[in-house]
Amino acid sequence: MIKKRMIKSAAIALMASALFAMPTMAEYYGFSFNVEVAEDAEDIAYSGNARKDNYNDYASVDCQKSNIYSKDDFRLCVVKQYGDDDEVSEQIRATANTGTYYLDYIEDVYYDNMYRLRGRTYNWYVSVSGEWEP
């Protein structure tokens, strides 16, 4: 009986320590942009606000589905939260249907602040969706 209690207590202690020892995963936020260079269309789109929950000096953008190809001029950039279009990262040109891009910050960004991902096309129609992490 005492052995069973000791084993049970040891198992609970092991599980509890495993929970606290696991690193926390950064939160990824979804985005979906449909942008086009046309008189009656938007050439720029934004994600919703996303909270920065890490101390990285770059943002990570995972394009999972798009019609981007090498001749497109579609650019991604991190900007401040809703209502403020100030760029806080470099602009990068997306050149493939899928892939991960890293945007280095050019301004100070802060843990727990809100940021948005901006997508803009300078040629044709672009549709792209995926996940990103500020």
Side-chain angles (χ1 to χ4, degrees):
M1 182 102 135
I2 293 176
K3 277 188 175 181
K4 286 183 180 180
R5 285 186 189 171
M6 287 177 53
I7 291 173
K8 187 176 179 180
S9 295
I12 290 172
L14 183 61
M15 287 176 30
S17 65
L19 286 174
F20 291 111
M22 287 184 191
T24 58
M25 298 295 290
E27 187 168 354
Y28 279 81
Y29 298 89
F31 70 90
S32 180
F33 300 148
N34 292 297
V35 290
E36 181 176 5
V37 177
E39 194 170 311
D40 61 342
E42 294 290 327
D43 66 342
I44 193 168
Y46 298 91
S47 71
N49 285 335
R51 184 173 313 283
K52 181 159 181 60
D53 64 356
N54 62 46
Y55 295 99
N56 295 341
D57 58 355
Y58 61 88
S60 174
V61 180
D62 184 21
C63 294
Q64 298 169 345
K65 183 178 177 185
S66 79
N67 67 347
I68 297 171
Y69 75 107
S70 62
K71 301 262 187 220
D72 283 321
D73 191 0
F74 177 74
R75 296 175 188 259
L76 294 163
C77 181
V78 178
V79 297
K80 292 184 177 177
Q81 66 184 339
Y82 180 75
D84 190 345
D85 199 41
D86 290 346
E87 295 177 359
V88 296
S89 80
E90 65 181 335
Q91 282 191 48
I92 58 104
R93 183 174 174 202
T95 57
N97 287 40
T98 60
T100 301
Y101 299 93
Y102 299 97
L103 291 73
D104 291 327
Y105 289 119
I106 58 173
E107 297 284 329
D108 289 335
V109 293
Y110 301 100
Y111 179 85
D112 217 26
N113 279 8
M114 303 296 271
Y115 299 95
R116 296 178 299 155
L117 182 65
R118 182 181 73 197
R120 175 180 265 166
T121 186
Y122 294 91
N123 290 333
W124 303 297
Y125 168 78
V126 174
S127 175
V128 60
S129 62
E131 295 181 328
W132 80 290
E133 172 192 35

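Owing to the predicted nature of the structure, the values given are computational and were not obtained by experimental measurement. We number each residue from 1, following the sequence as shown.
- Rounded to the nearest 0.5 angstrom, Ser66 OG and Asn34 CG are separated by 11.0 Å.
- Atom CD of Glu42 has 12 or fewer neighbouring heavy atoms from other residues, nucleotides or ligands inside a 6.0 Å radius.
- Here the CG atom belonging to Asn97 is positioned 11.0 Å from the NZ atom belonging to Lys65, to the nearest 0.5 angstrom.
- Under the side chain to side chain contact (heavy atoms under 4.5 Å, CB included) criterion, Ser60 pairs with Tyr28, Thr100, Tyr102, Glu133, not counting sequence neighbours.
- Linking ILVMFWY residues whenever their side-chain heavy atoms come closer than 4.5 Å, directly or via other members, places Val88 and Tyr110 in the same cluster.
- Within the model, atoms SG of Cys77 and CZ of Arg116 stand 10.5 Å from one another, a figure rounded to the nearest 0.5 Å.
- For Asn67 (side chain) and Ser127 (main-chain N/O), a donor-acceptor pair under 3.5 Å exists by modelled atom type.
- Between Tyr29 and Phe31, the distance from one ring center to the other does not fall under 6.0 angstrom.
- Grouping the Ile, Leu, Val, Met, Phe, Trp and Tyr side chains by contacts below 4.5 angstrom, directly or via other members, places Phe33 with Ile92.
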Practice task
Test Asp73 against Arg93 for side-chain contact (heavy atoms from CB on, under 4.5 Å), laying out the working first.
Solution key: CA-CA 7 Å; Asp73 191 0; Arg93 183 174 174 202; 3.8 Å; yes
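- Rounded to the nearest 0.5 angstrom, Ser89 OG and Gln91 CD are separated by 8.0 Å.
- Looking at residues two or more places apart in sequence or on another chain, you find a side-chain hydrogen bond (donor to acceptor under 3.5 Å, both in side chains) between Arg118 and Asp85, Glu87.
- The side-chain heavy atoms of Thr95 and Tyr69, taken from C-beta on, include no pair separated by under 4.5 Å.
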Exercise for the section: Given side-chain contact (heavy atoms from CB on, under 4.5 Å), test Trp124 with Val37 step by step and report yes or no. Expected result: CA-CA 5 Å; Trp124 303 297; Val37 177; over 6 Å; no
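- Interatomic distance, CZ of Arg75 versus CG of Leu103, reported as 12.0 Å (0.5 Å rounding).
- Side-chain contact, Asp62 with Gln64: a donor N or O sits under 3.5 Å from an acceptor N or O.
- The backbone N or O of Pro134 lies less than 3.5 Å from a partner atom in the side chain of Lys52, making a donor-acceptor pair.
- At least one side-chain heavy atom of Val126 sits under 4.5 Å from a side-chain heavy atom of Ile68.
- Side-chain contact between Trp132 and Val78: present, with at least one pair of heavy atoms (C-beta onward) separated by less than 4.5 Å.
- Note that CD1 of Ile106 and CG of Asp57 are 13.0 Å apart. Values are rounded to the nearest 0.5 Å.
- Checking side-chain atoms of Arg51 against main-chain N and O of Asp112 turns up a donor-acceptor pair under 3.5 Å.
- Contact of the Tyr115 side chain with the Val109 side chain is registered, since non-hydrogen atoms from C-beta on lie closer than 4.5 Å.
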Exercise for the section: Could you go through the side chain to side chain donor-acceptor pair (under 3.5 Å) check for Asp43 and Thr121 one step at a time? Expected result: CA-CA 5 Å; Asp43 66 342; Thr121 186; over 6 Å; no
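- Shown here for Leu76 and Cys63, the closest heavy-atom pair between the two residues is CD1-SG, 4.3 Å.
- Distance alone, capped at 3.5 Å, is enough to place a donor-acceptor pair between the Ser47 side chain and the Leu117 backbone.
- When ring centroids are compared, Tyr58 and Tyr105 stay outside the 6.0 Å threshold.
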